[in-house]
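First comes the structure, then the notes that go with it.
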Amino acid sequence: MTPLDIKTPMYHLLPVDAYTAQDWFDHEQRQIFSRTWRYAGLVEDIPEPGHFLAVQAGLNNLFVVMGRDHRLRAFHNICRHRGTQLIRAVGKTQKALTCPYHDWTYDLEGNLISVPDEAKEYPDGIDKSCLGLKPAAVDVWRGMIFVHPDPTPPSLAEWFGEVDPLLGPHQPQELVEYPEARRTYEIKANWKIVVENYIDVYHLSHLHSNTLHMYDHARAEFGWKGPHYHFWEPPAADYAKALESNLPTPRVIPEPHVGAWVPMLFPGIGLGASEDSWSIFVITPLAPDLTRIENRTKLANASAWQFQKQLWKSSGFWKDFGGAKYQGDDVTGSEDPMASGDFTAEDVYACEQQQKSLTSPYLEIGPASQGESPILRHQQAVLNALGETKQ
Ligand code: FES
Ligand SMILES: [Fe+2]
């Protein structure tokens with residue numbers, strides 16, 4: 001394990017309010033989520049001209065659309081007439097985007113091209129050339145589409161540049177999505193608790209003692225590049241041996257081609273890659289104590305897909321590498337997440353139980369371990385992004 005250079009004893013840098021109070025939440029929405037690149041989707045979500053998708057970036061609702069020139073453009077999803085949101089979710093249009101309220105219509109490049117009953121309703125005329133949609137920024141990185149409310153933000157390549165080489169061997173755009181693994185769910189906890197759990201190295205051997213023990217947590221390597229966290233750990237010896245005889249060939253990814261890469265990009269985009277898979281874990285704060293997670297998984301190729309299915313189906317293989325943390329009398333019922341043998345259920349459980357204690361006047365956070373030092377670094381990154389006002 002590579003400890004971070006933070007002096008011990010280490011204590012949390014954020015007060016309890018940061019995890020419970022509406023004013024903290026609002027401040028973060030303004031200062032962090034409205035001012036950073038926001039994941040919007042994967043490139044295959046917008047494959048042709050006219051395809052679009054909308055995404056919330058802090059206080060801003062944005063949408064991305066592919067123009068007839070096959071270029072992606074992002075706009076604020078706000079009609080220039082009375083501000084109604086133009087489009088909902090994901091879809092496809094032929095040539096134009098029409099506001100549902102009074103049918104003002106924009107082309108795929110954001111120009112206002114038609115106003116119904118123009119001569120009658122605007123007898124003095126209306127200058128449509130000044131009423132185009134307000135542009136935002138869009139860019140693509142590693143097969144992911146990102147948007148930024150500011151039309152001229154610092155570049156995406158710059159934002160992720162330093163951490164890019166440490167994110168694992170996969171180029172997600174070359175992988176195949178595994179649709180059964182796509183899901184969206186909510187965690188009853190503040191978004192920072194979810195991030196902190198994701199980057200807590202200490203809990204891996206404990207909360208996940210039965211579910212993630214195929215990796216050698218003691219040899220984990222982790223650190224930071226700017227506000228972004230990177231993490232890699234090798235497989236445990238017996239799992240490495242099993243992989244050797246089960247991995248599909250030929251291997252196309254460079255060394256080290258086994259292990260788990262689990263970075264967290266600021267402010268809340270978790271990635272998780274293993275030998276043959278890549279997944280994204282998008283964290284969206286919904287309320288001080290509620291967070292939405294969107295999960296998508298891609299696999300190296302069709303043979304990897306077969307390989308994974310075979311592993312997931314063959315309980316014999318996983319029996320040696322997984323299982324429930326709580327068994328027998330410790331299990332509270334058939335729905336007990338700690339008896340599920342699912343590491344995500346274990347994480348959700350831990351986050352929600354932690355959030356519940358935040359309202360107790362008796363709560364006092366103990367010193368952080370070396371394995372929790374990433375938590376303090378994320379807290380510092382949050383404070384930096386919020387500026388002086390909350391320090
Ligand atoms: S608000 Fe969009 S057309 Fe009126
Ligand atoms: Fe975990």
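First listed ligand is number 1; within each ligand, the first listed atom is number 1.
Between E294 and R296 there is no salt bridge, since no side-chain N of the basic residue sits under 4.0 Å from a carboxylate O of the acidic one. Between E109 and R68, at least one side-chain nitrogen of the basic residue sits less than 4.0 Å from a carboxylate oxygen of the acidic one, meeting the salt-bridge criterion.
With a 6.0 Å cutoff to the six-membered ring centre and a 45° limit on the axis angle, R73 does not count as a cation-pi contact of F75.
Near H102, with a cut-off below 4.0 Å to any heavy atom, the atoms of ligand 1 are 1 (S), 3 (S), 4 (Fe). Atoms of ligand 1 found under 4.0 Å from any heavy atom of Y101, numbered from 1 in the order shown, are 1 (S), 4 (Fe). Each of the following atoms of ligand 1 lies closer than 4.0 Å to a heavy atom of T84: 1 (S). Those atoms of ligand 1 with a heavy atom of R82 less than 4.0 angstrom away are 1 (S). Interface atoms of ligand 1 facing W104, defined by a heavy-atom separation under 4.0 Å, are 3 (S).
H81 contributes ND1 as its N, O or S atom closest to atom 4 (Fe) of ligand 1.
Look at D347 and the Fe ion (ligand 2): an N/O/S atom of the residue is under 2.8 Å from the metal.
Here the angle centred on atom 2 (Fe) of ligand 1, running from SG of C79 over to SG of C99, is 110°, rounded to 10°.
By the 6.0 Å contact criterion, CD on E364 is open, its count of non-hydrogen atoms from other residues, nucleotides or ligands being 12 or less. No more than 12 heavy atoms of other residues, nucleotides or ligands shown are found within 6.0 angstrom of OH on Y101.
A side-chain N or O of S277 and one of S274 form a donor-acceptor pair less than 3.5 Å apart.
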